[in-house]
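Every chain is numbered from 1 and lettered A, B, ... according to where its sequence line falls, protein lines coming before strand lines. Because the structure is predicted, anything quoted here is derived from the model rather than measured.
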Number of protein chains: 2
Amino acid sequence: MRPKLTDVAKRAGVSSTTVSRVINNYGYLSQKTKDKVFAAMHDLNYQPNSLARSLHGKSTKLIGVIFPSITNPFFAELVEQIENKFFNAGYKVILCNSADNKEKERAYIRMLIANQVDGIITGAHNLGIDEYNKVGLPIVSFDRKLSEQIPIVSCDNYQGGWIATEELYHAGCKHIYFLGSAMRKGHPTDYRLNGYQDAIKKLDLTAHVHSVAFSESATIKSVSIRKLLETHNPDGIMCTDDLTAVLVLQMAQKLNIRVPQDLKVVGFDGTKFIQDYHPELSTIAQPIPDIAALLVNLLQQRIAEPDKKLSQTQYVLPVKFIRSSSTFRL
Amino acid sequence: MRPKLTDVAKRAGVSSTTVSRVINNYGYLSQKTKDKVFAAMHDLNYQPNSLARSLHGKSTKLIGVIFPSITNPFFAELVEQIENKFFNAGYKVILCNSADNKEKERAYIRMLIANQVDGIITGAHNLGIDEYNKVGLPIVSFDRKLSEQIPIVSCDNYQGGWIATEELYHAGCKHIYFLGSAMRKGHPTDYRLNGYQDAIKKLDLTAHVHSVAFSESATIKSVSIRKLLETHNPDGIMCTDDLTAVLVLQMAQKLNIRVPQDLKVVGFDGTKFIQDYHPELSTIAQPIPDIAALLVNLLQQRIAEPDKKLSQTQYVLPVKFIRSSSTFRL
DNA sequence: CAAAATATGTCAATCGTTTATCACAAAATT
DNA sequence: AATTTTGTGATAAACGATTGACATATTTTG
């Protein structure tokens, strides 16, 4: 059996009250007693049972982090940074992969509530606003409006769409296509689409929106991309994410379309992973470390003062264009 | 305040004992009472406090999953599958990224113990055997021997190293290099190296081991790879992981070395990610779904019967060679 | 119709820790 | 020498749910 507080007390030859005082560092304590107690804790390899502490009222220091998946490098990097920052702040992260599944997301939220987490960061987008509203816990959302009470952090998706389009134009493209999941109401890619559309209008070009669901497999996406490349004649494509952009580059090579001469491609996300392993791709980079830091800070604030009125509900962080050889001949 | 059991009882007009009986489904219960209680639970959006339940003796249904990082697609896919399987079995996963940091790993283990997790799956390799031995919890290890009491699951690393070498040889290579992190005692890549060395010996070739630390950044690895390609003259390289292999392909292209004509490359891991986004890479594929399933099953067994003698301590799963255009001209 | 099975309630102990209250010394300060 | 500060202990009530013991209905069954 795991040692408990009374075992430590016995071993140290003090009362259990004293041990608790040492652990929680309150009241009057002599250095001598502290040392004795710490020694006993060490000898027994004692860890206070956090269930019991939390049950009494102390917070659990547990955070639920819900994202659709972690196999997408963007989410992986974001989640890893979030996890790291929370670890440094003494929190533990329960990983929840919602897998774009409404039921799973709902089940996760129930589970998180049951486990008395201190707060939730969610980057999943399946549930309705009302469901999130009645959670009754500090929540911070990534990239999607959930309710008036829930702060949202995102990059400047609109600006990203705009810049990508403009960059393609300045690189000489006249037939610029938008490729990605379009028209899922409230979805962040919508803003990227808006940015694209407005830029196209300003540039006096025609908009071409080619839709592929974000959740489709790479193979299916590739088929759709092949069709796009073969039947239409794009000279520029802005993709709503880097992985789709990589598939475009792949297909272009297969079809002997020269990049960037005949076709220019811009991605979106700009993970460290893509920069390392697909340095040829021009992309709109989201500031992942900043996003993670802000999400974590905001949630900690909400935890500290749950009832404080939100001074701001939207936090939009700037994106950065990374120019590389998929748009620009070096 | 979150509703508690007594609130449900009050609302349903029954005793708290009855509510508990409904929740835990024991004793005699009429359908009518059950319905009333469920309705009350639903109305109040009640979730039993799992801290209290666990404190009483019920298990926490929490599992600690420790891996160095999740930005590596291999770990991401493995962790995602592990998380999924545990979710389906009613467990929650606490994500622990050890970041190849001994102190962090130690801190995580203490934290997991304090949180009364039911068990741990670890794919991190920093701590000594004795530290893992005194954890006193069901543990299953991925790819590394931790102690006699801890089952290990891994793919057949030796066989993988052997096959990769043989495939390069049969594709015509005479100067086959081993590229990866070598010589970290007890590390899984050692077995891959052994496989390589034994195959080289059997084929009457000379072994060339080029070492790059797994943990180095992509840029530093690339510098090392450039040197390898420029100063030695490999016509075949077996890499200890796919990402390193991708860097080799990148550098080969930059140096105008034709693949597979002048240089053939084999990776290791064979994630879905690499197959989708680097289909040109030949690789030794680890059976990720099987590994995940086995890890989860074994841990569940250990949790169910912690004192049962281990019938087997090593589980080695077969690897599969995936032939593609980095070794074979299509 | 008596006995057994079913259905619900009351009460109290328990899990391991926190924390408040009271008590009592010993040490430090007036 | 009297008072305050400091250090420690004993006791008990929480936290929220579980569970066993026991009591008491109501329904079913032979």
Side-chain angles (χ1 to χ4, degrees), chain A residues 1-41 44-62 110-118 136, chain B residues 1-41 44-62 110-118 136:
Chain A
M1 212 45 205
R2 206 164 294 294
K4 52 177 88 167
L5 192 134
T6 52
D7 298 326
V8 177
K10 222 173 286 171
R11 170 128 191 160
V14 300
S15 75
S16 52
T17 307
T18 301
V19 176
S20 182
R21 284 207 259 254
V22 171
I23 292 170
N24 296 286
N25 195 39
Y26 80 100
Y28 295 116
L29 289 167
S30 70
Q31 194 55 49
K32 214 171 112 192
T33 328
K34 281 192 204 169
D35 292 344
K36 267 195 303 187
V37 171
F38 281 130
M41 282 171 52
L44 297 174
N45 200 22
Y46 170 78
Q47 280 297 113
N49 181 331
S50 31
L51 297 180
R53 314 185 76 183
S54 303
L55 182 56
H56 191 80
K58 301 233 178 235
S59 73
T60 55
K61 294 283 181 179
L62 283 172
R110 297 181 69 79
M111 187 192 266
L112 292 175
I113 293 174
N115 279 275
Q116 314 290 115
V117 296
D118 292 348
Chain B
M1 213 44 206
R2 205 165 294 295
K4 50 179 91 167
L5 191 131
T6 52
D7 299 325
V8 176
K10 222 173 285 173
R11 171 132 192 154
V14 300
S15 75
S16 53
T17 306
T18 301
V19 177
S20 181
R21 285 207 259 254
V22 171
I23 292 170
N24 296 286
N25 196 39
Y26 80 101
Y28 296 116
L29 291 166
S30 71
Q31 193 56 49
K32 215 170 108 192
T33 327
K34 281 191 204 169
D35 291 345
K36 269 196 301 186
V37 172
F38 281 131
M41 282 171 52
L44 297 174
N45 199 21
Y46 169 80
Q47 280 296 116
N49 182 329
S50 33
L51 297 180
R53 314 184 77 181
S54 302
L55 185 56
H56 191 80
K58 302 230 180 236
S59 73
T60 55
K61 293 284 180 180
L62 282 172
R110 296 180 71 79
M111 187 193 267
L112 293 175
I113 294 174
N115 278 277
Q116 315 288 116
V117 296
D118 291 348

Between atom [atom1] of [X] and atom [atom2] of [Y], what is the distance when rounded to the nearest 0.5 Å?
| X | Y | atom1 | atom2 | answer |
| --- | --- | --- | --- | --- |
| B:Arg53 | B:Ser59 | CZ | OG | 9.5 Å |
| B:Lys34 | B:Asn25 | NZ | CG | 5.5 Å |
| B:Arg2 | B:Gln47 | CZ | CD | 9.0 Å |

Note to self: Looking only at side-chain N and O atoms, does B:Thr17 offer a donor or acceptor that is under 3.5 Å from a partner on B:Ser20?
What the structure shows: no
What is the distance from [atom1] of [X] to [atom2] of [N], rounded to the nearest Å?
| X | N | atom1 | atom2 | value |
| --- | --- | --- | --- | --- |
| B:Asn25 | D:dA17 | CG | P | 18 Å |
| A:Asp35 | D:dG7 | CG | C1' | 15 Å |
| B:Lys32 | C:dG9 | NZ | P | 12 Å |
| B:Tyr28 | C:dA4 | OH | P | 13 Å |
| B:Lys34 | C:dA7 | NZ | P | 9 Å |
| A:Asp7 | C:dC15 | CG | P | 12 Å |

Check: For A:Lys61 and A:Asp118, which heavy atoms make the closest approach, and how far apart are they?
Finding: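 Here A:Lys61 and A:Asp118 meet closest at N-OD2, 2.9 Å.
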Notebook entry, point to check: Within less than 4.0 Å of OP1 or OP2 of C:dA7, is there a side-chain N or O belonging to B:Thr33?
Noted result: no
Margin query: Do A:Ile23 and A:Leu5 make a side-chain contact, defined as non-hydrogen atoms from C-beta onward lying under 4.5 Å apart?
Written below: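 Result yes, sub-4.5 Å side-chain heavy-atom pair found.
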Next item on the list: Tell me what B:Thr18 touches on the nucleic acid: a base, only sugar-phosphate, or nothing, going by heavy atoms under 4.0 Å.
Entry: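 Sugar-phosphate only.
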Next item on the list: Going 5' to 3' through nucleotides 16-29 of chain C, assign each nucleotide B (protein heavy atom under 4.0 Å from a base atom), S (under 4.0 Å only from sugar-phosphate atoms) or - (no protein heavy atom that close).
Entry: BBBB----------
